[in-house]
Protein chains: 2
Amino acid sequence: MLNQVNTMKVRVKIWLDEDERIIFGEGVRNLLLAIQRTGSINRASEELNMSYRRAWEKIHRVEKRMGQTLVITQTGGAHGGGTSLTEVAREMLNRYDQLESEVTAFANKKFVELFGE
Amino acid sequence: MLNQVNTMKVRVKIWLDEDERIIFGEGVRNLLLAIQRTGSINRASEELNMSYRRAWEKIHRVEKRMGQTLVITQTGGAHGGGTSLTEVAREMLNRYDQLESEVTAFANKKFVELFGE
DNA sequence: TTGCGTTATGTTTTGCTGGGAATAACAAAT
DNA sequence: ATTTGTTATTCCCAGCAAAACATAACGCAA
């Protein structure tokens, strides 16, 4: 009956929240990874085609909600400064990534069971 | 280290898509359920605090993308008409709900494993 | 033949999110 | 002192998505 729609895929989005407020999701995850890779919020936001302002807001909103510091910033200096991640941020990244990949794998398996021919 | 943030919950959103276009998600699911319950798009949209316009567009966009008819509508008559679901719609609802509940349960279990104390 | 409640659809208005420009502070190197 | 590239923050504007408004058609009942 549904064989005309069997090129569908299942998609999953996962986030952590507290009182309906997003604490940690895909957006911050990507941002933190880019900061880790580039060493600066500025370059990270460019990579993600996001304005610096938005990137900055995103991070600090999450920091406020978590009551945790996620980034260590330094202004001035030879290369203008930069930003690196705290241990807490790295830990969150690890756990979130694991959660995300396991749930996604499970969803794909179930999807095939339920919608596959 | 993350014990200050242990009132968090994990949230999951699941949808079916084809070429980055949403085919079937939470929105249409709720709408179809409300139509099933009320027998009319009009009353369903009121229940969901959504404009009739938007409800109607949502349904027909999905119908177009699936190439399937989801609702049977009737205009005029004693009570003005009404709308009921097709067999395809009911089948989609069943499978989607099952997928959604199983994945959500799995996500909650994994979340406790990864973020619980 | 008028009224009613529904489907169906076009047009206008509103509100909000995100982007961009602008500006300041900072500290190392030269 | 000047240059440099970053963080930090304010303000205004555009674009888009949702809401609101408007209108037509339909068919049964009275």
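Just so it is clear, the values below take in all heavy atoms, side chains as well, and ignore hydrogens, waters and symmetry mates. Proteins come first, then strands; the chains are lettered A, B, ... in the order of their sequence lines, and each starts at number 1.
- For the pair B:T83 and C:dT7, the criterion of a side-chain N or O lying under 4.0 Å from OP1 or OP2 is met.
- Along DNA chain C, the nucleotide nearest to A:M50 and the one nearest to A:A78 differ in position, and the one closer to the 5' end is contacted by A:M50.
- For the atom pair B:K9 NZ and A:L16 CG, the distance stands at 12.0 Å (nearest 0.5 Å).
- Taking atom CD on B:E46 and atom P on C:dT7, their separation rounds to 10 Å, with Å as the unit.
- Panel note: side chain A:T86, backbone A:L70; a donor-acceptor pair is recorded below 3.5 Å.
- Between D:dT7 and A:T75, no contact under 4.0 Å exists linking OP1 or OP2 to a side-chain N or O.
- In summary, B:E57 and B:R54 do not engage in a salt bridge, as defined by a charged side-chain N under 4.0 Å from a carboxylate O.
- Between A:K58 atom NZ and C:dG18 atom P there is a gap of 7 Å when expressed in whole angstrom units.
- Protein atom CG of A:L31 is 13 Å distant from nucleotide atom P of C:dG18, rounded to whole Å.
- Protein atom NE2 of A:H79 is 9 Å distant from nucleotide atom P of C:dA29, rounded to whole Å.
- Taking atom CD1 of residue A:I41 and atom C1' of nucleotide D:dT9, one finds them 13 Å apart after rounding to whole Å.
- Residue side chain A:R54 does not reach the base of C:dG19 through any donor-acceptor N/O pair under 3.5 Å, judged by distance alone.
- Rounded to an integer number of Å, the gap from B:E57 CD to D:dA17 P is 11 Å.
- Of the two residues near DNA chain D, B:G80 and B:R53, the one whose nearest nucleotide lies more 5' is B:R53.
- As rounded to whole Å, 15 Å separates atom C1' of C:dT11 from atom CH2 of B:W56.
- Regarding contacts with the backbone of C:dT6, every side-chain N or O of B:T73 stays at 4.0 angstrom or more from both OP1 and OP2.
- Checked for salt-bridge contact, B:R29 and B:E26 miss the test: no charged N lies under 4.0 Å from a carboxylate O.
- One atom, OH of A:Y52, and another, P of D:dT10, lie 13 Å apart when rounded to the nearest Å.
- Listed nucleotides D:dC28, D:dA8, C:dG20 differ in distance to A:S51; the shortest reach to its side chain belongs to C:dG20.
- Here A:R43 lies in heavy-atom contact (under 4.0 Å) with sugar-phosphate atoms only.
- Here the straight-line distance linking atom CG of B:L85 with atom CG of B:L93 works out to 6.5 Å at 0.5 Å rounding.
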